[in-house]
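Small disclaimer: the values here were computed from a predicted structure and weren't measured. First the proteins, then the strands, lettered A, B, ... as listed; each starts at 1. Basis for what follows: all heavy atoms, side chains included, without hydrogens, waters or symmetry-related copies.
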Amino acid sequence: MNAPAAPLKAKDFASDQEVRWCPGCGDYAILKGVQKTLADIGTPPENVVFISGIGCSSRFPYYMSTYGFHTIHGRAPAFATGVKLANPELDVWLVTGDGDGLSIGGNHLLHALRRNVNMQIMLFNNEIYGLTKGQYSPTSKIGTRSPSTPMGSLDRPLSPVLFALGANASFVARAVDTQQKHMPGVLQRAHAHQGASFVEIYTNCIVYNDGAFSSFAEKGTAAEGELLLEHGEPMIFGKDSDKGIRMKPGALELEVVQLGVDGIGEDDLLLHDETNRVLAGLLGAMQNPDFPVAVGVLYCEAAEAYESAVYQQVDAARAANGNADFNALLRSGSTWTVGD
Amino acid sequence: MNAPAAPLKAKDFASDQEVRWCPGCGDYAILKGVQKTLADIGTPPENVVFISGIGCSSRFPYYMSTYGFHTIHGRAPAFATGVKLANPELDVWLVTGDGDGLSIGGNHLLHALRRNVNMQIMLFNNEIYGLTKGQYSPTSKIGTRSPSTPMGSLDRPLSPVLFALGANASFVARAVDTQQKHMPGVLQRAHAHQGASFVEIYTNCIVYNDGAFSSFAEKGTAAEGELLLEHGEPMIFGKDSDKGIRMKPGALELEVVQLGVDGIGEDDLLLHDETNRVLAGLLGAMQNPDFPVAVGVLYCEAAEAYESAVYQQVDAARAANGNADFNALLRSGSTWTVGD
Amino acid sequence: MVTSTATQLEPIGAPRDEVESVVVRFAGDSGDGMQLTGSQFTLATALAGNDLATFPDFPAEIRAPIGTTFGVSAFQINFGARKIATAGDAPDVLVAMNPAALKVNLGDVKTGGTVIVDSGTFTARNLKKAGFDADPLADDSLDGFQVLQIDISKLTTEAVKEHGVSNKEALRSKNMWTLGLIYWLYDRDRDPTVNWLRAKFGKLPNIAEANVAALNAGHIFGETAELPVGMRGFTVRQAEISPGLYRAVTGAEALAWGLAAGAKLADLRMVLASYPITPASNLLHILAGMKQFDIVTFQAEDEIAAVGAAIGASFAGSLGVTSSSGPGVALKGEAIGLAISTELPLIIVNSQRAGPSTGLPTKTEQSDLFQSVYGRNADAPLVVLASSSPSNCFDIGIEAVRLATKYMTPVILLSDGYMSNASEPWLIPDFDSIAPFPVQFAETDQAGEDGFMPFTRDATTLARPWAKPGTPGLEHRIGGIEKQDGSGNISYDADNHQRMTDLRAAKINGIAKDIPELSVEQGNENGKLAVVGWGSTYGPISRAVGNMRDDGYDVSHVHLHHIWPMPQNTGELLAGFDQVLVPEMNNGQLVKVLRAEYLTPAQALNKVNGQPFKISEIEDAIKGCLDGQSGEAK
Amino acid sequence: MVTSTATQLEPIGAPRDEVESVVVRFAGDSGDGMQLTGSQFTLATALAGNDLATFPDFPAEIRAPIGTTFGVSAFQINFGARKIATAGDAPDVLVAMNPAALKVNLGDVKTGGTVIVDSGTFTARNLKKAGFDADPLADDSLDGFQVLQIDISKLTTEAVKEHGVSNKEALRSKNMWTLGLIYWLYDRDRDPTVNWLRAKFGKLPNIAEANVAALNAGHIFGETAELPVGMRGFTVRQAEISPGLYRAVTGAEALAWGLAAGAKLADLRMVLASYPITPASNLLHILAGMKQFDIVTFQAEDEIAAVGAAIGASFAGSLGVTSSSGPGVALKGEAIGLAISTELPLIIVNSQRAGPSTGLPTKTEQSDLFQSVYGRNADAPLVVLASSSPSNCFDIGIEAVRLATKYMTPVILLSDGYMSNASEPWLIPDFDSIAPFPVQFAETDQAGEDGFMPFTRDATTLARPWAKPGTPGLEHRIGGIEKQDGSGNISYDADNHQRMTDLRAAKINGIAKDIPELSVEQGNENGKLAVVGWGSTYGPISRAVGNMRDDGYDVSHVHLHHIWPMPQNTGELLAGFDQVLVPEMNNGQLVKVLRAEYLTPAQALNKVNGQPFKISEIEDAIKGCLDGQSGEAK
Ligand SMILES: Cc1ncc(C[n+]2csc(CCOP(=O)(O)OP(=O)(O)O)c2C)c(N)n1
Ligand SMILES: Cc1ncc(C[n+]2csc(CCOP(=O)(O)OP(=O)(O)O)c2C)c(N)n1
Ligand code: SF4
Ligand code: SF4
Ligand SMILES: [Mg+2]
Ligand SMILES: [Mg+2]
């Protein structure tokens with residue numbers, strides 16, 4: 001008889017490989033958060049597969065005690081899709097970076113999202129290419145000086161969550177490396193969702209882009225710099241919970257308001273509605289310093305996972321055609337006999 | 001002395017090559033519309049470059065009397081970016097299809113849009129792969145039966161305009177093959193815009209997807225099926241101009257209203273505001289039969305073109321470093337002399 | 001109605017002449033139904049007991065304006081009382097349904113051959129569309145051919161009148177009228193076609209009967225009309241064909257079935273991930289219709305995603321397959337390197353087409369051998385196989401699965417546009433008689449003290465174990481960075497990289513021991529000249545060597561199905577010949593590999609015009625090698 | 001403070017020994033400043049008149065935890081009174097700034113060589129981090145070496161005390177202390193380094209002075225301390241070097257300047273479109289800083305976009321250049337085919353690294369020759385060049401531009417990770433003495449009656465005209481579909497495809513007439529053995545052949561800069577040797593091309609461990625070929 005398995009702990013998901021990120025890299029915290037999430041979820045490690053592209057962030061699978069595939073630059077969503085098509089039962093987690101996922105890999109990310117392949121996609125956004133030593137990335141702010149842009153970068157950055165919404169993603173969320181309490185909840189939601197769950201995770205590259213998110217991702221700045229989203233709850237933030245977000249009257253825009261000033265109360269604030277894609281777009285576009293940065297689940301829409309639809313067709317074909325018989329297949333259509 | 005040049009005519013932009021689309025293909029109408037637009041604009045043909053990928057639509061450059069480059073599948077935005085980097089003075093038009101631009105080429109389109117390279121990008125959307133004989137495309141509706149999806153396609157389609165908005169595009173518009181009067185105006189706006197102007201053009205593939213847009217793109221259906229956008233104008237449509245679009249009270253959603261019913265008048269309708277990205281998203285998402293399909297300029301935001309910023313840096317470097325002197329370059333840094 | 005460039009007429013119902021083999025080409029507008037006509041004729045011919053080979057030739061444009069030369073569609077069949085190796089060099093009979101079809105195809109017809117034209121289509125307008133300055137039926141353009149001008153359009157319209165179909169529908173039966181005439185010409189049985197028409201148009205009985213009437217009318221025309229001199233019915237004796245149940249099969253079909261069969265024999269689910277491209281899309285289309293065989297097909301966003309998904313599927317324990325043509329395979333190179341580095345099974349099918357770049361997508365070529373053997377960064381060995389004929393695709397499909405799974409390696413399988421679309425009769429194998437080779441996945445108890453070691457190796461095959469995610473205890477991580485021999489952990493160790501490079505090469509080279517030795521297909525084991533082929537040149541080489549041997553030339557035919565690694569005895573076998581000639585539909589690729597590997601002074605015979613070799617071209621080259629040489633045998 | 005495994009001590013200030021050449025390797029943690037130390041020593045050595053070559057070896061990790069083996073950074077220099085061909089096989093002197101540096105590098109040190117360690121870092125914690133079970137300074141690990149244990153940490157801290165820097169800052173000057181000691185050891189002038197320090201830390205004078213103090217302290221230590229037996233100062237005579245102005249140059253710098261110079265000589269704007277990848281990114285970084293030379297750099301979204309943008313730039317009349325490493329170049333194959341088909345100039349720089357797949361990104365290899373010559377779909381010939389040393393990258397860069405623009409063709413330029421990062425002294429050329437080769441664009445009056453014909457050809461070069469968009473009258477359309485010879489219009493014509501394939505091949509083959517004939521670098525024009533190299537194996541082969549010739553062996557050195565097409569006389573030259581040996585840092589690639597082209601029975605000498613060849617490895621192989629052979633000369 002099976003003894004009841006001991007509940008899994010975060011360290012059950014740590015592999016024996018030495019973690020080789022730079023000391024102080026934000027990716028360490030994400031690793032911890034993910035290991036905790038998996039323990040909380042309780043999936044047996046053998047059913048979990050981590051798939052990544054190339055980049056500092058994409059070293060992630062080596063540090064997990066699960067199955068893992070460190071593939072090639074930008075293509076992880078394609079590999080992950082293949083894994084799910086081969087075996088929809090596997091619990092697939094994808095790790096990518098802002099370069100891996102949005103520069104070379106933008107197209108695969110786009111298509112994994114729109115197809116709604118059931119997996120968790122974590123995009124570690126440090127707004128820089130870490131592994132190749134600090135070139136700017138598609139999420140770097142205009143004017144970023146880097147080895148390839150000594151006079152400052154010129155391209156308009158992408159917002160990963162707005163990109164995902166434009167890609168028709170069914171689940172879009174945000175988390176922050178330093179917020180260990182918050183992250184596992186978001187990741188659990190991502191895991192629970194049927195389909196491609198996109199989670200942008202801000203992470204600090206201490207070597208090439210230190211402090212990129214300091215205006216909201218640090219202990220001292222989080223309360224004022226960040227808006228924690230909860231479905232159905234009013235959008236309140238600030239150290240003293242004294243600020244809120246509402247629709248600017250008469251306009252299709254958000255605005256920050258001070259609670260208690262000009263007679264504004266909680267009732268005037270927007271309630272978060274995860275199911276409204278337009279609201280998600282408005283929230284995703286909020287940036288410091290004018291707005292708090294929205295974290296949590298921005299958007300979540302019930303939808304069918306791609307691979308389950310695929311297997312419904314396989315099952316239907318089986319039901320319609322009976323068991324696969326090769327001899328019958330080869331003899332289908334016109335045949336003729338040549339006598340002895 | 002130069003004689004004043006005769007004004008250009010549409011046929012001045014037609015090449016001597018026989019047009020080889022299927023008889024009845026929507027692309028013929030677009031060709032006409034583009035030739036007319038160029039004549040109206042009056043750019044000399046030698047300054048115009050048409051660049052395309054691969055697909056029926058991508059044969060387009062051969063039929064123009066301008067410079068043209070029929071490149072490889074999906075990569076036209078990259079080639080076009082190179083052309084603009086080499087010579088920002090050229091007037092670059094890009095032709096792509098829903099497969100070329102959104103399947104294999106999604107990433108390049110994404111980056112050309114976010115970088116805001118100054119060109120006109122026309123995506124001929126017939127919701128099918130024409131050239132390879134009828135497979136479904138990323139814009140095909142779920143359930144599309146095609147040679148590669150005999151039981152119906154399963155992937156959620158992309159909306160080209162929503163994709164472009166998510167890509168941080170600065171100009172997003174829509175036109176329809178059959179609407180020859182409307183198209184040149186949209187294309188002229190695209191041309192006037194500094195940066196990457198994205199225009200989705202619905203086109204009928206008579207062979208593999210005939211009638212895909214019949215609910216709004218035909219003479220009899222356009223009035224009811226379509227909303228013609230004009231900046232600052234109220235959103236009215238219908239054969240009798242008796243319907244309109246407004247924000248659903250108390251929600252972040254659009255709704256169709258009947259003018260004159262329940263006391264609804266023009267003042268209750270939304271005025272189109274090209275500069276509001278969120279509104280553009282709402283409009284871009286409208287679909288038949290519940291909503292009219294929005295055509296015209298959905299979004300337009302003033303922004304700097306990528307290549308002009310690039311050349312500002314080149315000029316600044318020149319100004320700071322004086323004329324390029326190779327002998328000085330080779331002798332920069334530490335040198336030493338070995339005597340005779 | 002029937003006129004002829006020859007003046008004398010033969011009496012009606014003249015006795016039939018016996019011929020050994022015939023090449024017929026049906027050509028018409030894309031809308032004229034030439035492919036259907038061809039496949040019905042093929043079936044009737046197979047039922048008549050002839051051996052045969054066919055080749056359809058589609059226009060490059062989807063639907064070119066009616067009547068233009070670039071809208072011409074053709075179907076060629078070669079059939080006979082002897083073994084038929086190719087679809088034939090030059091047609092004995094050309095059927096041209098309109099001026100454009102005549103314009104495009106006349107140049108290929110054998111001197112003195114027969115040209116049947118639908119004179120009803122030779123209007124001024126159509127002549128102009130086809131680019132004729134003058135009516136070729138009216139001037140001397142057709143001198144030297146047996147010409148049969150028949151107003152098929154009119155005769156068909158009359159023949160179907162009673163079935164109440166529209167004029168447009170009536171004209172659609174023109175192809176059946178023509179088929180009826182050709183059936184008469186070669187004494188074929190109409191019944192299967194009649195049955196097929198009635199089944200096909202089950203819900204439109206008047207259309208069905210109109211077509212049947214047209215077929216019969218064409219046949220009767222042959223029996224009764226006054227035909228020109230020499231133009232009488234023929235018989236073609238049955239060929240000596242192994243007894244058994246046959247079907248016609250195209251390369252694309254046989255390949256789909258072979259791969260599916262291989263997966264079944266390996267006891268694996270197949271995941272085909274592909275992106276459409278001419279002429280490779282057929283494989284995707286066929287497999288998309290075979291879901292009941294535990295086949296999942298996936299139209300990816302591009303070729304890189306396709307190969308990535310296929311590798312992902314293999315990682316997860318299925319058979320990952322991806323398919324494309326040259327330009328698409330070029331995009332897969334980086335990912336194939338990952339499959340090589342991670343040592344996962346993977347099959348990459350390349351239906352080659354004419355290049356470089358977009359090239360001539362609908363024309364054939366076999367110019368991706370270099371890309372297959374050498375076309376990746378770094379030292380990245382894998383297996384390359386090439387099928388030699390439509391039906392051989394079935395066997396090569398199975399062989400690809402066998403090697404990929406047994407050796408944990410990517411396999412490139414080379415087909416080509418010609419082979420994919422061409423069809424030939426196939427003695428249907430008994431699936432149950434094919435020996436299965438089920439994959440043994442690693443099991444939980446294979447994990448040692450330090451966990452599972454994914455890069456240990458089987459002593460014989462050097463293959464690493466294949467561990468399926470989901471299996472407890474075998475959790476492991478792989479990737480494209482160099483791996484420690486054994487543990488598979490990342491290793492930057494210099495000597496380990498050397499060892500792994502050597503192991504990867506040794507594993508692939510070792511496969512040479514597991515494939516059949518190279519033998520001669522025809523001729524002696526040594527001698528004056530070996531003609532070495534690969535891929536779809538099999539047919540023309542085989543026939544050319546046969547003909548030349550009949551003429552007394554000392555020439556042998558050698559064919560490679562395993563391009564990399566090559567059979568162990570390849571160098572030795574070739575060393576037994578004074579000369580080695582390598583005909584290829586490229587600018588010389590296998591010839592370079594043979595020279596590099598064995599220092600064989602092999603000579604190239606190259607053809608890159610988008611068309612298969614003609615038998616005569618190879619015969620001429622053989623003569624070029626051997627004539628003027630001294631010695632008893634030529 | 002100074003202890004030694006040898007027991008006897010020499011008197012202070014002993015006279016200097018003269019040595020002909022020395023190899024020193026500085027190794028420490030990534031944070032220890034070893035690269036700076038190395039480059040200062042290089043400059044001092046160059047100023048002292050020695051010939052030299054250097055090689056920096058960076059860790060694969062960005063910033064590994066301090067003290068670990070995978071965070072070790074090293075810099076090796078070989079300098080001498082004779083011509084220096086490589087950075088040296090085995091160090092005579094190893095400076096190890098911590099236990100990890102010792103662990104990683106000790107195995108390479110010459111038997112009896114000198115090992116200088118900072119004993120202050122040999123703490124229990126650091127030993128553990130480095131993976132030592134026991135203290136190697138305390139057991140017999142260092143037997144057989146001259147060991148100098150110095151508590152450099154402590155001595156440095158003391159030396160800089162007076163400059164009021166923090167302890168952390170003080171320890172940062174350890175490298176200067178060490179440099180001072182080595183300066184004493186080889187009698188180098190400290191002044192340039194002092195000046196450099198003061199310039200570098202201009203705004204932080206106390207840091208500058210602390211470093212100067214450390215440098216001086218290390219030097220004084222050498223002069224005054226009691227050093228072990230045999231450990232006294234050395235002198236290295238000046239080498240015979242052509243007179244002139246010199247600088248040190250890395251391959252990446254020389255390549256950037258060579259390409260820029262080429263563009264200038266061709267009178268073109270350069271557009272470099274690239275996507276970062278190790279070890280190719282440097283070229284992008286350097287050119288990004290050269291905008292004033294009319295160079296536009298573009299970091300594309302991926303490698304395909306990069307090559308696409310480069311081709312677009314060439315279409316628009318600029319020089320399109322793209323750069324990457326093996327896996328990235330693999331992605332460019334399809335687009336390169338388009339450049340071949342449209343016959344546009346394009347330069348593809350490949351800084352090769354160890355593979356397959358991601359492989360060992362920071363380790364060197366020259367295994368992309370196959371990919372360069374053969375790695376595309378269809379028959380797709382282009383030009384392949386390979387530079388032979390850091391400074392040679394300048395010349396090859398210019399040559400690439402010359403051939404690309406003169407012949408309207410893509411050119412692949414092969415460098416490698418070793419060459420990009422290694423540096424050597426370079427006799428700076430006078431730019432004005434290099435003959436320009438300005439591009440002649442097509443002009444309006446070249447358009448004929450039927451408009452401009454973009455696929456007519458120059459009778460000599462077979463190049464087509466290059467017409468710049470913006471030029472009235474030359475409007476034309478090109479693409480990847482086969483083009484009509486002359487007009488460039490789409491053509492599906494069979495014979496035209498054959499003609500165009502032949503023309504493309506002939507154009508590239510014809511370039512063989514426009515490049516220097518192959519000559520021997522050292523040795524006779526024929527004889528017993530030719531050692532044929534390409535790329536960065538130049539150095540070790542050159543030295544090995546030199547040494548073996550000194551020992552009386554009949555061996556010659558032949559080097560290919562033009563890999564495809566090869567010089568016209570290649571086959572003939574090689575035929576003059578009994579044996580041909582081809583050392584390559586791959587599993588045998590050039591050797592296969594030589595065998596395929598010329599049936600030369602060339603033998604491979606392969607090394608794939610991520611490291612350049614050692615001279616001794618090549619010497620051994622030469623002996624293997626020639627010893628045991630009869631005849632007068634060995
Ligand atoms: C085909 C290919 N191109 C380029 C590279 C080089 N490369 C590796 S990671 C990387 C960017 C990584 O950036 P990101 O995804 O943001 O990851 P980070 O290191 O910042 O976590 C690049 C350009 C590669 N490995 N393969
Ligand atoms: C690398 C590559 N992959 C695939 C193809 C085949 N191919 C050509 S066009 C096309 C799709 C065209 O669809 P779309 O862009 O919608 O154009 P349409 O024909 O519908 O106008 C495909 C798959 C190709 N030419 N090259
Ligand atoms: S370079 Fe940046 S992202 Fe990479 S490991 Fe170091 S800190 Fe992290
Ligand atoms: S296949 Fe469709 S898209 Fe292509 S030319 Fe024909 S109608 Fe137009
Ligand atoms: Mg990053
Ligand atoms: Mg389309």
Heaviest contributor of heavy-atom pairs below 4.5 Å to chain D, chosen from R331(B), Q17(B), R75(B), is R331(B)

D267(D) vs P436(D) side-chain heavy atoms within contact, under 4.5 Å
no

Just wondering, are more than 12 heavy atoms of other shown residues or ligands nearer than 6.0 Å to CG in D445(D)?
yes

Name the region of T66(B), side chain, backbone, both or neither, that has any atom closer than 4.5 Å to a heavy atom of chain D.
backbone

Heavy-atom cut-off 4.5 Å, strictly under: side chain, backbone, both or neither for V314(B) against chain D?
both

Is it the side chain or the backbone of P429(D) that comes within 4.5 Å of chain B heavy atoms, both, or neither?
both

Go through the atoms of S242(D) and report whether side chain, backbone, both or neither lie under 4.5 Å from a heavy atom of chain B.
backbone

Test item: T54(D) and F41(D) side chains (from C-beta on) under 4.5 Å apart, heavy atoms:
no

Residue from R269(D), E301(D), K291(D) scoring the most non-hydrogen pairs under 4.5 Å with chain B is E301(D)

Which atoms of N321(B) are under 4.5 Å from chain D, going by heavy atoms: the side chain, the backbone, both sets, or neither?
side chain

On the 0 to 90° scale, with breaks at 30° and 60°, tag the Y67(B)-F315(D) ring pair as parallel, tilted or perpendicular.
perpendicular

Out of D315(B), V48(B), L90(B), which one racks up the most heavy-atom pairs below 4.5 Å with chain D?
L90(B)

Leading residue by heavy atom contact count with chain D [cutoff under 4.5 Å; candidates L85(B), N87(B), T81(B)]
L85(B)

On a heavy-atom basis, which atom in G99(B) and which in P138(B) lie closest, and how many Å separate them?
CA-CD, 4.3 Å

Taking it one step at a time, do F394(D) and W426(D) satisfy ring pair (Phe, Tyr, Trp, His ring centres under 6.0 Å)?
CA-CA 10 Å; F394(D) 183 78; W426(D) 182 38; 5.0 Å; yes

Separation between CZ (R115(B)) and NE2 (H108(B)), nearest 0.5 Å, reads 10.0 Å

Is it the case that more than 12 heavy atoms not belonging to Q312(B) sit under 6.0 Å from its CD atom?
yes

For I434(D), is it the side chain, the backbone, both or neither that has a heavy atom under 4.5 Å from a heavy atom of chain B?
neither

Hydrogens and angles aside, do S391(D) and E424(D) bring a side-chain donor and acceptor to less than 3.5 Å of each other?
yes

Side chain / backbone / both / neither for I241(D) at chain B, heavy atoms under 4.5 Å:
both

For S103(B) and Y129(B), does a side-chain donor sit closer than 3.5 Å to a side-chain acceptor?
yes

For each of S318(D), A316(D), G470(D), tally heavy-atom pairs with chain B at distances under 4.5 Å, and name the one with the top tally.
G470(D)

With distance as the sole criterion, is a donor-acceptor pair present between the side chains of T132(B) and Q135(B) under 3.5 Å?
yes

Could you look at M290(D) and say if it's the side chain, the backbone, both or neither that has a heavy atom under 4.5 Å from chain B?
side chain

Interface moiety of D302(D) toward chain B, non-hydrogen atoms closer than 4.5 Å
side chain

Testing the 3.5 Å rule here: is there a donor-acceptor pair between the side chains of S52(B) and R59(B)?
no

NZ (K133(B)) with more than 12 external heavy atoms under 6.0 Å
yes

Give the ring-plane orientation class for W93(B) versus F50(B), where under 30° counts as parallel, over 60° as perpendicular and anything between as tilted.
parallel

State whether K264(D) and D294(D) are salt-bridged, where the test is any N-O pair (Lys NZ or Arg NE/NH1/NH2 against Asp/Glu carboxylate O) under 4.0 Å.
no

In terms of heavy-atom pairs under 4.5 Å with chain B, the winner among A310(D), S341(D), A261(D), A467(D) is A261(D)

Relative to chain D, which segment of L330(B) carries a heavy atom at a distance below 4.5 Å: side chain, backbone, both, or neither?
both

Side chain, backbone, both or neither: which part of P45(B) has an atom under 4.5 Å from a heavy atom of chain D?
both

Which residue out of G74(B), G322(B), G333(B), S65(B) racks up the most heavy-atom pairs below 4.5 Å with chain D?
S65(B)

With chain B, which of I478(D), I295(D), L427(D), L474(D) has the greatest number of heavy-atom pairs at distances under 4.5 Å?
I478(D)

Closest-packed option against chain B by number of heavy-atom pairs under 4.5 Å, given A305(D), A335(D), A254(D), G312(D)
G312(D)

Can you say whether R114(B) sits under 4.5 Å from chain D via the side chain, the backbone, both, or neither, judging by heavy atoms?
neither

Per-residue contact mode, D325(B) against chain D (heavy atom under 4.5 angstrom):
backbone

Counting heavy-atom pairs under 4.5 Å to chain D, which of H73(B), Q313(B), K84(B) comes out on top?
Q313(B)

What part of L268(D) gets within 4.5 angstrom of chain B, counting heavy atoms only: side chain, backbone, both, or neither?
neither

Using non-hydrogen atoms and a 4.5 Å limit, figure out which bit of A260(D) sits close to chain B: side chain, backbone, both or neither.
both

Chain B heavy atoms under 4.5 Å from A46(D): which part of the residue, side chain, backbone, both or neither?
both

